[in-house]
Amino acid sequence: MGDAGYIIFGVVGREILSAGTVIFAVFATGGQLLAGQIALGVLSDSRLCLMLYTGIFTIPTLIFSFPRTLDRLSWLSVPSVFSILIAGIAGMAGAGINPLEGRTTSLFLQPTFVNAFISVTNPVFAYAGHFMFFILISEMRNPKDAMKAAYTLQIFATTYYAVFAIVTHWYLGDGVVSPSFSSLPPVWAKAAYGIAIPNFLIAGSLYAHTAAKLIFLRLFRNSEHLHSHTLIGWGTWTVLILIMNAASFVLAVGVPIFSYLIGIAASLFASWYTYGIAGAFWLHDSYYLSGEGVKAWKRRPTMFVLSVLTFAAGGFICVAGTYVIITLIISAYNSGSVPPPFQC
């Protein structure tokens with residue numbers, strides 16, 4: 001993402017997008033650690049301190065993020081996909097078999113702007129993995145296959161997200177919590193969380209791996225340490241992996257408003273990685289690579305308008321999302337609902 005930022009916006013763009021990618025990847029890793037914490041807590045009936053569950057989950061996340069290339073992690077992603085697929089099916093089955101009594105299922109609500117925009121930032125964060133595309137493409141044997149993988153991912157993920165959301169909302173009602181597995185009966189919640197653990201684990205590992213790799217590439221871009229098994233190379237990689245996972249752990253357990261900070265990170269960075277930058281990519285490539293400049297935009301007016309609107313949507317989500325999350329943080333502190341740091 002940093003290199004793409006350099007091509008479009010110069011040195012400043014490279015530094016901003018690179019830093020944003022690392023920061024967002026660390027926050028995303030912390031988010032997966034929290035998901036693992038919730039899963040382990042549900043499976044064990046919360047018999048231990050939640051902070052211990054986070055620490056327990058951090059250890060395998062660190063181990064799986066340690067390989068320096070994605071060829072090994074990519075194979076682990078296969079069971080990860082199946083785990084979240086089967087977990088979702090189990091969750092929908094549990095909701096259908098045990099519908100919430102007296103539930104209210106509303107198709108349209110009248111929330112405040114703040115509450116409504118939370119529903120916007122959630123899918124933005126769900127699709128925020130786009131920033132990893134560059135890392136994945138750079139290690140593919142045939143980078144031209146990237147578009148096939150991207151289309152497959154987007155079609156499957158969008159369809160699955162929609163079906164899961166509709167089914168769980170229909171059977172659990174407007175009061176469904178997030179994650180929605182927690183709204184299921186205990187037995188079904190344990191089944192769903194237990195099956196989903198591999199996905200939480202591998203997703204966190206990929207995020208931590210990505211954060212470490214971006215810094216590693218910047219340090220050794222034109223060095224033998226990048227591809228060779230040298231002491232300096234492996235030593236630096238080990239330190240980076242430890243730092244990224246440790247930072248994610250500290251943020252997840254030590255910052256009481258970490259869930260809000262994830263929302264801020266999603267608003268500041270994911271809004272651009274998911275939407276805004278995509279529009280800028282098309283505008284730049286069609287202008288320069290075609291050699292026709294503005295004529296290329298005029299020749300494809302639909303794509304031009306769509307790209308401009310996509311870029312504008314990214315900017316709106318960035319500004320509005322940040323405002324909404326800050327408003328929620330202020331409200332949480334004023335109501336006294338923010339717990340102390342490192343609390344069980």
Side-chain angles (χ1 to χ4, degrees), residues 1-2 17-40 50-81 83-84 125-139 153 196-221 225-226 233-255 258-259 261-266 268-270 273-274:
M1 187 64 75
L17 292 183
S18 295
T21 301
V22 173
I23 293 171
F24 184 72
V26 170
F27 275 75
T29 304
Q32 295 301 319
L33 296 183
L34 287 182
Q37 174 203 86
I38 296 172
L40 294 178
L50 292 179
M51 187 168 62
L52 292 178
Y53 289 130
T54 311
I56 292 171
F57 202 77
T58 302
I59 295 173
T61 301
L62 185 151
I63 293 173
F64 283 118
S65 62
F66 195 74
R68 276 171 54 177
T69 58
L70 288 172
D71 57 340
R72 293 172 178 82
L73 273 175
S74 62
W75 286 107
L76 293 175
S77 297
V78 175
S80 171
V81 171
S83 76
I84 197 62
F125 185 74
Y127 285 92
H130 292 178
F131 75 93
M132 296 179 62
F133 283 0
F134 288 100
I135 294 291
L136 295 170
I137 294 171
S138 68
E139 296 191 23
L153 169 65
I197 281 181
N199 179 265
F200 301 153
L201 177 61
I202 301 305
S205 300
L206 284 171
Y207 285 132
H209 174 96
T210 299
K213 175 161 286 184
L214 288 173
I215 298 177
F216 189 77
L217 289 172
R218 289 292 296 272
L219 292 174
F220 300 120
R221 185 180 294 273
H225 305 300
L226 183 62
W234 274 107
T236 303
W237 177 255
T238 301
V239 171
L240 289 173
I241 288 293
L242 290 173
I243 290 175
M244 298 308 160
N245 282 278
S248 301
F249 171 76
V250 172
L251 286 170
V253 302
V255 180
F258 180 64
S259 59
L261 294 184
I262 293 178
I264 290 180
L268 291 176
F269 303 118
Y273 298 155
T274 308

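It should be emphasised that the depicted structure is a prediction, and the values quoted were computed from it without experimental measurement.
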Kindly give the heavy-atom pair with the smallest separation between Ile262 and Gly31, and that separation in Å.
CD1-CA, 3.8 Å

Can you find a pair of side-chain heavy atoms, one from Phe269 and one from Thr21, that are under 4.5 Å apart?
no

Check Pro67 against Trp237 and note the closest heavy-atom contact, atom names and distance.
O-CZ2, 3.4 Å

At their closest point, which heavy atom of Arg68 faces which heavy atom of Lys213, and how far apart are they?
O-NZ, 2.8 Å

Using 30° and 60° as the class boundaries, would you call the ring planes of Phe258 and Phe27 parallel, tilted or perpendicular?
parallel

On a heavy-atom basis, the closest approach of Ser205 and Phe64 is OG-CB, 3.2 Å

With heavy-atom distances below 4.5 Å as the criterion, would you say the side chains of Phe133 and Leu153 are in contact?
yes

Side-chain contact, heavy-atom cut-off 4.5 Å: His225 with Trp234?
no

Stepwise side-chain contact (heavy atoms from CB on, under 4.5 Å) check, Phe66 with Thr238:
CA-CA 7 Å; Phe66 195 74; Thr238 301; 3.4 Å; yes

At what distance, to the nearest 0.5 angstrom, does CG of Leu62 lie from OG1 of Thr58?
8.5 Å

Atom CG in Leu52, atom CG in Leu40: separation rounded to 0.5 Å?
11.0 Å

What's the shortest heavy-atom distance between Thr61 and Gly204, and which atoms?
CG2-C, 3.7 Å

Interatomic spacing from NE2 in His209 to CG in Leu214 - rounded to 0.5 Å
9.0 Å

From the list Leu201, Asn199, Leu206, side-chain contact (heavy atoms from CB on, under 4.5 Å) partner of Ser80 resolves to Asn199

What I'd like to find out is whether the side chain of Phe57 reaches to under 4.5 Å of the side chain of Ile197, using heavy atoms alone.
yes

How about Phe216 and Leu226: do any of their side-chain heavy atoms sit closer than 4.5 Å?
yes

Can you find a heavy atom in the side chain of Leu17 that is under 4.5 Å from one in the side chain of Tyr273?
yes

Below 3.5 Å, can you tabulate the donor-acceptor pairs from side chains in residues 242-253 to any protein atom, sequence neighbours excluded?
unit_1	atom_1	unit_2	atom_2	d
Asn245	ND2	Ser65	OG	3.3
Asn245	ND2	Ile241	O	2.9
Ser248	OG	Val26	O	3.1
Ser248	OG	Met244	O	2.8

Taking the side chain as C-beta and beyond, is there a heavy-atom pair between Leu50 and Thr54 under 4.5 Å?
no

At their closest point, which heavy atom of Ala212 faces which heavy atom of Leu240, and how far apart are they?
O-CD1, 3.6 Å

